There are 2 protein chains.
Amino acid sequence: MNEDKSKTGDFLKVLFKLAPEFQEIFIERYEILKIVNMIEPVGRRILSVKMDISERIIRKETDKLKENKLLDTTLKGMIITDEGKKVLEEIDKLYHMFKGIDESEKILADYLGIKKVIIAPLNLDDDKMVLSSIGECASKYLMKIINDKSIIGITGGSSVQSVIERLNVKSKKYRDVKIIPTRGSLGDKAEYQSNTLAEILANKLSCNYKLLSTPDKLSEGTIKELQNEPEIRETINLINSIDTLVFGIGRSDIMAKRRGLYVDEMKMIQDKGAVAEAFGYYFNSLGEVVHEINTIGIDLHKFKQTKNLIAVAGGIEKVEAIRAITKLDSKLVLVTDENVASEILKDFRRRKNG
Amino acid sequence: MNEDKSKTGDFLKVLFKLAPEFQEIFIERYEILKIVNMIEPVGRRILSVKMDISERIIRKETDKLKENKLLDTTLKGMIITDEGKKVLEEIDKLYHMFKGIDESEKILADYLGIKKVIIAPLNLDDDKMVLSSIGECASKYLMKIINDKSIIGITGGSSVQSVIERLNVKSKKYRDVKIIPTRGSLGDKAEYQSNTLAEILANKLSCNYKLLSTPDKLSEGTIKELQNEPEIRETINLINSIDTLVFGIGRSDIMAKRRGLYVDEMKMIQDKGAVAEAFGYYFNSLGEVVHEINTIGIDLHKFKQTKNLIAVAGGIEKVEAIRAITKLDSKLVLVTDENVASEILKDFRRRKNG
DNA sequence: TTTTTTTGGTCTGGACGGGACAAAAATTGC
DNA sequence: GCAATTTTTGTCCCGTCCAGACCAAAAAAA
């Protein structure tokens with residue numbers, strides 16, 4: 001199986017040795033297909049800015065793809081044809097093989113000491129596209145591991161939002177699944193709040209969900225009071241029965257700002273060496289808790305008991321935070337992008353060679 | 001194993017769906033590499049006539065191949081680099097997969113009811129190149145099946161000559177092998193006579209060989225007399241101990257002319273429905289003997305008792321003759337070219353679909 | 001209604017490919 | 001052994017094709 005794939009990857013490399021010019025075009029067209037598939041209908045101009053390629057080239061390539069019936073044009077923009085989707089699926093595999101993504105995933109999982117690493121394809125500067133690709137991969141993995149009795153916890157944030165958005169549910173067997181938001185409201189955008197995401201996800205799965213109608217940040221006294229409320233109790237019980245958790249990873253400095261911490265509190269957290277934030281905790285680069293937000297949600301103890309832990313995070317600026325989080329639990333599954341992956345791989349190779 | 005290969009073939013097809021323009025260039029460069037590897041050193045002009053492509057295009061492609069260090073230029077012409085050879089080996093596999101040659105071989109072997117079919121790559125109009133490719137494949141197969149005690153019989157003809165010429169012997173373990181020419185002199189060119197070929201082959205293998213110093217065509221009386229000669233007796237004994245036979249296939253009409261038959265004898269043979277000639281026999285399209293040349297050599301009885309039967313023949317004009325010969329024995333291994341193979345495959349599909 | 005997209009058209013400068021030719025070296029013929 | 005011929009690589013120029021820029025019409029969105 002493994003040998004099979006690496007073999008094909010080698011064949012591609014040989015093919016490109018015979019014709020190196022084709023390599024970039026191959027990747028270019030793959031990216032076009034991939035992006036059109038993600039945000040169709042889309043026009044030349046938007047594609048050109050997303051890929052940072054001149055519009056004329058985009059035109060040339062899309063014309064070729066249209067000739068080959070992989071793309072179609074509508075009044076609203078270009079869309080991918082059914083055949084295009086089939087080809088894209090296959091090319092996805094080729095792209096993985098060519099870039100050696102499967103091997104990188106294994107090396108990284110081993111190096112980071114976690115269960116699995118999933119590297120989402122697409123190596124663009126456009127963060128939205130990259131995040132969307134991460135979301136697609138994470139959602140596919142999520143659908144693979146959940147069953148009809150799963151209790152799924154999700155946090156807020158754009159990464160998790162992307163997972164939910166890209167989720168493609170085919171069967172209707174998830175009626176008994178429960179979705180639990182593990183954070184309250186995240187301050188700013190409503191579309192990224194865990195409550196909103198839980199609702200959307202539950203709709204896609206046609207299943208039940210709980211809302212966690214508490215603010216993101218509370219005083220200790222309030223928490224104790226709230227914990228006695230019957231409805232909140234129920235939610236807390238549910239949180240403790242979560243078997244699958246999908247969560248985002250943030251840089252401590254940015255997350256602290258977003259949560260509206262006081263300046264001195266922020267400084268205190270920074271002084272303690274915080275680099276990462278996830279599900280209400282701040283961690284230093286060793287993965288140790290340096291600060292905890294008083295709120296209703298999943299706690300670290302429960303986290304470590306949870307069967308499936310899916311961390312979703314991309315963007316080169318989050319590398320430090322991501323590495324910190326990978327130290328939390330060996331059951332972790334990390335879904336990230338090519339850029340982050342190659343950055344960590346670089347580090348791996350540096351250490352290996354001295 | 002099989003699934004593995006067909007998978008890779010499919011991947012290639014998908015790749016070419018994404019970029020059909022590359023398909024012909026891929027094949028073009030493959031053919032250039034292949035031909036340079038066969039007849040290096042070689043210049044642009046000869047390549048251009050062999051491939052029936054304008055010299056300017058050859059130049060463009062070879063320049064690219066030189067850039068990629070797959071070809072090198074010398075004063076005598078272009079040669080293939082070591083890396084080029086490595087790449088060519090891999091591309092050979094790709095070409096096989098892309099054209100589905102392995103599957104075709106199996107279908108044909110099954111359809112023709114013989115042990116194995118080997119289809120030599122290269123689909124050119126240039127007969128010499130095609131024959132050379134056939135020779136390469138046949139010689140590789142030959143080296144695979146013989147051991148240090150093999151007794152190899154060979155006939156004359158350009159096909160067998162090509163096998164001998166392309167043979168690449170690496171080890172020195174063939175000292176005890178014996179090479180036996182199974183025909184006398186074939187009339188015209190000395191370089192194609194089985195005696196000459198036996199000598200060259202024996203030199204390559206650093207082994208013993210026998211010469212068969214009798215004319216190709218004899219009267220019955222002479223044969224009986226010769227058979228009493230001690231030296232000839234020995235040769236005949238050796239012929240009867242052959243375990244591997246490499247032989248060419250001819251069209252009966254052409255072979256008859258070459259052997260210098262009388263006009264009425266020729267007409268007689270034609271009237272009996274002869275379409276093929278091999279090792280001194282003429283066969284009709286059902287594979288039945290219609291005429292036999294009086295000579296010293298392998299007889300049909302011994303032929304059918306021989307373990308390894310390797311028929312080497314290419315060229316679309318020989319299809320009928322080849323098909324006749326395949327009916328002789330189910331142990332037969334046929335080495336032929338893409339053109340012949342696709343012609344027989346066409347017939348197979350016609351019968352299959354009604 | 002205005003604005004923003006979309007696709008498709010067109011023109012231009014420049015690169016690149018293709019054909020003919022030239023020079024050099026090796027091979028062949030005498 | 002020398003000359004003629006063939007084969008080689010390399011040069012030059014012209015035509016074609018392609019990327020870039022701009023524009024136009026039309027439709028969706030605001």
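Per chain, numbering begins at 1; letters A, B, ... match sequence-line order. Every value quoted in this text rests on a predicted model; they were computed, and no experiment measured them. Below, all heavy atoms of this structure are taken into account, side chains as well, without hydrogens, waters or symmetry copies.
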Practice problem: Check whether any side-chain N or O of A:Ser54 sits under 4.0 Å from OP1 or OP2 of D:dG20, and answer yes or no. | Solution: yes
Quiz prompt | Upstream residue (5' side of DNA chain C) when A:Met78 and A:Arg56 are each assigned their closest nucleotide | solution = A:Met78
Quiz item: Could you state the CG-P distance from A:Leu47 to C:dT6, rounded to the nearest angstrom?
Solution: 9 Å
Exercise. Round to the nearest Å and state the distance from A:Lys60 atom NZ to C:dC16 atom C1'.
Key: 13 Å
Practice problem: Indicate yes or no: at least one non-hydrogen side-chain atom of B:Ile134 is less than 4.5 angstrom from one of B:Ser159. | Solution: no
Quiz prompt | Separation of C:dG19 P from B:Ile53 CD1 (nearest whole Å) | solution = 12 Å
Practice problem: Please report, rounded to the nearest Å, how far the P atom of D:dT8 is from the CG atom of B:Asp63. | Solution: 15 Å
Exercise. Measure from CD on A:Glu67 to P on C:dG8 and round the result to the nearest Å.
Key: 13 Å
Quiz prompt | N-O pairing of A:Glu31 and A:Lys34 below 4.0 Å | solution = no
Exercise. Please check if any side-chain donor atom of B:Tyr209 sits under 3.5 Å from a side-chain acceptor atom of B:Asn195, or the reverse.
Key: no
Quiz prompt | Whichever of A:Ile57 and B:Gly43 has its nearest DNA chain D nucleotide further upstream toward 5' | solution = B:Gly43
Practice problem: Using heavy atoms to find the nearest nucleotide of DNA chain C for A:Gly77 and A:Arg59 separately, return the residue whose nucleotide is more 5′. | Solution: A:Gly77
Self-check item: B:Phe11 and A:Phe11 aromatic centres sub-6.0 Å
Solution: no
Quiz prompt | Between C1' of D:dT9 and CG of B:Asp72, the distance in whole Å | solution = 13 Å
Self-check item: Nearest-Å distance for atom pair CZ/C1', residues B:Arg45 and C:dT27
Solution: 14 Å
Quiz item: Among the nucleotides D:dA28, C:dG18, C:dA25, which one has an atom lying closest to any side-chain atom of A:Leu75?
Solution: D:dA28
Quiz item: Do other residues, nucleotides or ligands put more than 12 heavy atoms under 6.0 Å from the NZ atom of A:Lys99?
Solution: yes
Quiz prompt | Distance, rounded to the nearest Å, where B:Lys64 contributes NZ and C:dC16 contributes C1' | solution = 10 Å
Self-check item: Selected nucleotide, minimal atom distance to A:Lys76 side chain, candidates D:dA29, D:dT8, C:dG8
Solution: D:dA29
Quiz item: Considering only C:dT10, D:dT8, D:dG10, which nucleotide approaches the side chain of B:Val42 most closely?
Solution: D:dT8
